[in-house]
Each structure stands twice: as structure tokens, then as C-alpha cells.
Amino acid sequence: MSSDIVLSISGVNRTYQDDRGNTVEALRDINLSVRRGEFVSFIGPSGCGKTTLLRLIAGLDAPESGSVTLDGKEITSPDPKHGYVVQQGGLFPWLTVEQNIAFGLKARHIFGENRAQVAHYISLIGLRGFEKAFPHQISGGMAQRVAIARALINKPEALLLDEPMGALDSFTRADIQDKLLELRRENDATMLLVTHDVDEAIYLSDRIVVMTPRPGKISDLLDVKLPHPRHRGGPEFLSIRRNILEKLNLASAQPQPEYTI
């Protein structure tokens with residue numbers, strides 16, 4: 001992994017008005033640097049500003065103060081350089097799988113020279129044979145894989161993932177986690193993930209950002225130095241899990257039993 005910084009968040013603060021006209025402080029003094037090719041997860045209680053922070057990085061929102069830069073350039077608007085995948089995928093229902101994946105290439109008028117990449121990504125995400133299927137004809141897990149491929153085919157400097165597996169069953173979720181790691185190796189991609197799932201964060205990440213309840217601040221930044229592939233039931237994995245739960249004040253929560261079939 002290269003040590004150069006691709007994303008820099010410096011002194012970011014964000015407030016907004018709620019439906020009752022009250023001022024809500026979402027983020028306070030966020031500072032973070034992300035290295036090129038790194039996988040970073042953000043974890044914390046609901047409402048702590050994780051998604052707000054990801055939207056700032058995506059250029060879908062702007063901070064009151066501070067700056068967010070990608071490759072040294074301040075982010076002020078959405079851009080293919082920061083691909084964004086949300087929980088429901090956001091596929092265009094009137095387009096097929098291959099058309100959804102090709103959408104960004106066509107919008108940027110570079111589809112002709114990259115046509116072969118569409119078939120490559122369809123194969124990479126395991127959906128060969130579903131090229132002509134529409135979103136309503138495939139499962140939720142398949143749709144999320146299409147959404148991830150649609151973002152990655154544009155070769156973004158950072159892929160932003162806002163709980164893309166949150167609505168999926170555990171088996172599909174595990175499959176997409178492995179697929180993300182495969183896609184990361186293929187693209188040497190920088191990935192930032194918002195998740196409520198501690199195990200997911202440990203399984204995927206190089207570093208985990210632990211955030212406080214609102215106003216969201218970074219309370220801890222944890223390195224995950226386990227080699228891949230990672231075993232969710234291994235002692236080192238469980239030790240990191242316990243550490244994070246303690247930091248989230250959830251240490252008393254009993255882990256779910258694991259079964260080997």
C-alpha cells in the first residue's frame with residue numbers, strides 16, 4: 001500500500017436546521033488523512049454524523065468550516081473521482097445490468113474505448129448471464145454488486161460506501177464483503193465504509209474510525225493489522241471486536257453464537 005495521502009479532512013464542522021428549526025451540530029472538528037489504497041470504516045451510534053461525513057466527502061454537502069480535499073483539490077461538488085454507493089444501490093430501473101454499469105462511461109463520453117471494461121466488471125462481480133436483466137429481475141445482493149461495479153468502473157480515487165450491505169441477509173452480506181475485497185485488489189482502490197456492523201468493519205478494514213454520539217467527533221482510530229483472509233472467530237479478531245465494543249460502551253452485549261456447518 002502506498003503511503004501517500006489521497007484524502008484529507010481538516011477541521012471540518014457541520015451544523016444544520018432540523019424540521020423544528022433547531023440547530024443541530026452534526027460534526028465537530030473532524031481531522032483525518034486517508035492513504036491511497038487504504039480501506040477505512042466509520043463506526044458509531046446512529047445519528048453520530050457518519051453519513052453526513054461521507055456526503056461531505058462525496059461533494060453532496062459542504063462543511064460550515066474546515067476543508068475536504070481529494071488529491072490536494074478541495075471537494076465542492078459530486079465527481080466520478082469519488083464514487084458513492086448507498087444502501088439501496090440506486091440503480092436506474094429502466095436500464096439493464098450492463099447499461100447501469102456503463103452509465104458513467106457514457107455520461108463522460110468515454111464508453112467507446114472502455115466498452116470491454118463493462119464485460120470485465122460483470123464477470124468480476126459474478127453476474128455473467130445477467131447482462132440483459134433489469135434491476136427488478138435480480139436480487140438485492142446482485143443489485144448492490146452492480147452498484148459497486150458501476151462506481152468502480154469509473155476508476156474513482158475513493159469509493160464511498162454508505163451501509164451498502166445494511167439491508168441484506170447475512171449470507172449475501174458476507175458474499176459482498178468478499179467481493180469488495182476482491183474488487184479492491186483488482187483496482188488498488190481506496191474505500192471508505194459507513195457501517196453499524198463491528199464485525200464487518202474488522203473484516204474489511206485497515207483502520208476503523210470510532211465516532212462519538214452527536215456532535216460526531218473522532219474518539220478513536222484503530223489499526224487492524226490482521227492478514228487477509230480474516231477469520232471472524234479467531235482470537236485476534238474477537239479481541240479487536242471486544243475493544244471496539246468497549247469503546248462504544250457495548251461491552252456487556254453478548255456476541256451471537258457462531259456455527260460451523
Side-chain angles (χ1 to χ4, degrees), residues 1-2 6-7 34-42 54 57-58 70-71 79-91 96-105 108 110-111 114-131 133 135 138-195 197 199-208 224 226-230 232:
M1 184 190 303
S2 175
V6 64
L7 176 71
V34 178
R35 296 184 293 272
R36 194 176 306 277
E38 193 173 19
F39 199 122
V40 177
S41 289
F42 298 85
L54 212 65
I57 299 169
L70 187 71
D71 270 341
D79 190 287
K81 287 186 177 181
H82 25 93
Y84 193 50
V85 180
V86 297
Q87 187 174 113
Q88 300 302 326
L91 298 184
T96 64
V97 164
E98 63 182 1
Q99 289 169 339
N100 264 286
I101 293 174
F103 181 83
L105 299 177
R108 295 163 59 207
I110 58 171
F111 174 69
N114 292 280
R115 182 186 300 269
Q117 285 293 302
V118 177
H120 173 70
Y121 272 90
I122 288 173
S123 177
L124 197 61
I125 62 175
L127 286 182
R128 191 177 294 169
F130 291 89
E131 294 89 342
I138 59 178
S139 70
M142 289 178 174
Q144 287 302 83
R145 283 187 267 169
V146 173
I148 292 166
R150 181 177 63 182
L152 277 176
I153 199 171
N154 289 297
K155 299 293 190 292
E157 293 296 326
L159 179 64
L160 313 177
L161 302 155
D162 191 359
E163 295 199 74
M165 296 156 280
L168 304 176
D169 65 84
S170 58
F171 294 105
T172 304
R173 190 178 190 124
D175 175 63
I176 294 184
Q177 289 169 2
D178 288 333
K179 192 61 66 177
L180 268 177
L181 292 175
E182 184 179 346
L183 290 166
R184 179 197 177 191
R185 289 191 295 269
E186 166 85 11
N187 292 269
D188 193 26
T190 306
M191 296 188 176
L192 292 90
L193 169 71
V194 163
T195 181
D197 189 324
D199 287 9
E200 180 170 86
I202 301 169
Y203 188 74
L204 294 171
S205 307
D206 298 307
R207 288 192 294 163
I208 299 173
V224 183
L226 302 179
H228 289 284
R230 293 174 178 170
R232 289 176 170 87

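Any value given below was found using the heavy atoms of this structure, including those in side chains, with hydrogens, waters and symmetry copies removed. Keep in mind that this is a model prediction, so the values were computed, not measured.
Distance check, rounded to the nearest 0.5 Å: CD of Glu200 to OG of Ser205 gives 8.5 Å. For the atom pair Thr172 OG1 and Arg145 CZ, the distance stands at 8.0 Å (nearest 0.5 Å). The CG atom of Asp197 sits 9.5 Å away from atom OG of Ser41, with the distance rounded to the nearest 0.5 Å. Distance check, rounded to the nearest 0.5 Å: CE of Met142 to CD1 of Ile125 gives 9.5 Å. One distance of note links CZ of Phe130 with OG of Ser139; it measures 8.0 Å at 0.5 Å rounding. In this structure, Leu124 CG and His120 NE2 are separated by 5.0 Å, a value rounded to the nearest 0.5 Å.
In this structure the side chain of Ile176 reaches within 4.5 angstrom of the side chain of Ile148, judged on heavy atoms. With a 4.5 Å cut-off on side-chain heavy atoms, Val146 and Tyr121 do not count as touching.
Among all heavy-atom pairs drawn from Ile153 and Ile101, the shortest one is CG2-O, 3.4 Å. Across all their heavy atoms, Val118 and Ala102 have their closest contact at CG2-CB, 3.8 Å. Minimum interatomic distance between Leu168 and Gly140 (heavy atoms only, all atoms of both residues): CD2-C, 3.8 Å. Taking all atoms of both residues into account, the shortest heavy-atom contact from Leu91 to Pro135 is CB-CG, 4.0 Å. The shortest non-hydrogen separation linking Glu98 to Ile122 is CB-CD1, 3.7 Å. The two atoms that bring Ile138 and Ala133 nearest to each other are CG2-CB, 3.9 Å, heavy atoms only.
For Thr190, there are no side-chain hydrogen bond (donor to acceptor under 3.5 Å, both in side chains) partners, not counting sequence neighbours. By the side-chain hydrogen bond (donor to acceptor under 3.5 Å, both in side chains) test, Arg207 pairs with Glu38, sequence neighbours left out.
A donor-acceptor pair under 3.5 Å is formed between the side chain of Asp79 and the backbone N or O of Lys81. Remark: side-chain polar atoms of Gln144 are paired, donor with acceptor, to backbone N or O of Val86 under 3.5 angstrom. Arg173 places a side-chain N or O within donor-acceptor distance of the main-chain N or O of Met165, the cut-off being under 3.5 Å. Within the 3.5 Å criterion, the main-chain N or O of Ala158 finds no donor-acceptor partner in the side chain of His82. Checked by atom type and distance alone, the side chain of Ser123 never pairs as donor or acceptor with a backbone atom of Ala119 at under 3.5 Å. Side chain of Asn154 to backbone of Arg150: a donor-acceptor contact under 3.5 angstrom is found.
Using a 4.0 Å cut-off between charged side-chain N and carboxylate O, Asp206 and Arg35 make no salt bridge. Ion pairing between Glu182 and Lys179 holds under the 4.0 Å rule for side-chain N and carboxylate O.
Test Leu54, Leu192, Leu180 against Leu161 for side-chain contact (heavy atoms from CB on, under 4.5 Å) and you get one pass: Leu180.
Identified under the salt bridge (charged side-chain N to carboxylate O under 4.0 Å, His left out) test for residues 153-172, with sequence neighbours left out: Arg36-Glu157.
Cation-pi contact between Arg232 and Tyr203: present, with separation from the ring centre below 6.0 Å and deviation from the ring axis of at most 45°.
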